[in-house]
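All residue numbers in this chain count up from 1 along the given sequence. For clarity, every value in this text was computed on a predicted model and none was experimentally measured.
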Amino acid sequence: MKLAILGAGESGVGTSILGKQKGYEVFVSDQEIIADKYKKVLLNNDILFEEGKHTDSNILDADVVMKSPGIPEKVPLVKQLKNKGIPVISEIEFASKYTNGVIVGITGSNGKTTTTMLVNHILKKENLNVRMGGNIGDSFAKQVAENKYDIHVLELSSFQLDGIIDFAPHIAIITNITPDHLDRYDYKFENYIHSKFRITENQTENDFLIYDADDEVIIKWLKNNKTKACLLPF
């Protein structure tokens, strides 16, 4: 199985380590020059990579592609991959398949970094084996590769949630939803709202969705859409 990774930042390099650990043939491609700290990790782990370009022939033959969240869905290479039926997923989708740890996923237009840090702090104070990741700290994939943690508290952007298929946090938190990043969503607020609520689309009756009951956008979505998760408003 070949895993191609677009972008050699925190999420891309973390995914490359986990992918190699799980037996994938890994190739990392970054259109920009790769930062020295990440290049050292790739070299030390004997992971094939290129920088300053994307060589289509080395990517379009992949079985699965992990796209860094900063790369828009609209770029020609991503469209080519999707037209060929090659799954283009995010780091959180890839890494979640390889952990039995509890996932707490936190999203929202504002406050998600603070909330992630606070939840992580509370759980650590209870002496639980927890690590913070996603958009903050080490990549989720790297944490899973280390296999050291029982709980992963993840700050999740809409861009990361756009690349999920089966990802389902046990506890999902939506802090609020206000217009943001609309250039990535055809300037349609409803597309951005849908992206945020992907955090709960694979949750079951045994999972929890914590949300702001004063946020009119969230309340309207919940009135018009269904989630299987147990609802915990605040």
Look up atom [atom1] in [X] and atom [atom2] in [Y], then write down how far apart they are to the nearest 0.5 Å.
X    : Y    : atom1 : atom2 : result
S109 : D215 : OG    : CG    : 8.0 Å
K20  : I47  : NZ    : CD1   : 6.0 Å
I151 : L123 : CD1   : CG    : 5.0 Å
F167 : K97  : CZ    : NZ    : 11.5 Å
K40  : I34  : NZ    : CD1   : 14.0 Å
D61  : K84  : CG    : NZ    : 7.0 Å

**OP:** May I have the step-by-step check of salt bridge (charged side-chain N to carboxylate O under 4.0 Å, His left out) for D207 and K228, ending in yes or no?
**Re:** CA-CA 8 Å; D207 299 319; K228 293 179 181 178; over 6 Å; no

Any side-chain heavy-atom pair of [X] and [Y] under 4.5 Å:
X    : Y    : result
T99  : Y149 : no
L6   : I59  : yes
T175 : D212 : no
V75  : I71  : yes
F140 : S96  : yes
V104 : H152 : no
K39  : F49  : yes
M66  : S11  : yes

**OP:** For S90 and Q160, run side chain to side chain donor-acceptor pair (under 3.5 Å): C-alpha distance rounded to whole Å, both residues' side-chain angles, the deciding distance at 0.1 Å, then the answer.
**Re:** CA-CA 6 Å; S90 63; Q160 288 168 304; over 6 Å; no

Original post:
Run the side chain to side chain donor-acceptor pair (under 3.5 Å) check on E10 and Y38 step by step: do they pass?
Top reply: CA-CA 8 Å; E10 185 67 31; Y38 294 128; 2.8 Å; yes

**OP:** Run through I136, I106, I122 and flag the one making a side-chain contact (heavy atoms from CB on, under 4.5 Å) with M117.
**Re:**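 It is I136; the other options fail the test.
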
Subject >> Among V78, L60, L81, I89, the one residue meeting side-chain contact (heavy atoms from CB on, under 4.5 Å) with V65 >> reply: L81

Minimum-distance pair of heavy atoms, taken over all atoms of [X] and [Y]:
X    : Y    : answer
G105 : P169 : N-CB, 3.8 Å
D166 : N202 : C-ND2, 3.4 Å
I177 : K196 : CD1-CB, 3.9 Å
F94  : L3   : CZ-CD2, 3.8 Å
A62  : A4   : CB-CB, 3.7 Å
K124 : V130 : CG-CG1, 3.4 Å

**OP:** If the plane angle is over 60° it's perpendicular, under 30° parallel, otherwise tilted; pick one for F197 and W221.
**Re:** parallel

Original post:
Do T227 and T200 have side-chain N/O donor and acceptor atoms under 3.5 Å apart?
Top reply: yes

**OP:** Could you verify whether a donor N or O on one side chain and an acceptor N or O on the other, from E91 and T15, lie under 3.5 Å apart?
**Re:** no

Original post:
Charged N to carboxylate O below 4.0 Å: is that the case for E73 and K67?
Top reply: yes

Subject >> Lys/Arg cation over aromatic F27: K2, 6.0 Å, 45° cone >> reply: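 Yes, a cation-pi geometry holds between K2 and F27.
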
Original post:
Has E32 got more than 12 heavy atoms of other residues, nucleotides or ligands less than 6.0 Å from its CD?
Top reply: no

Subject >> CG (N100) with more than 12 external heavy atoms under 6.0 Å >> reply: no

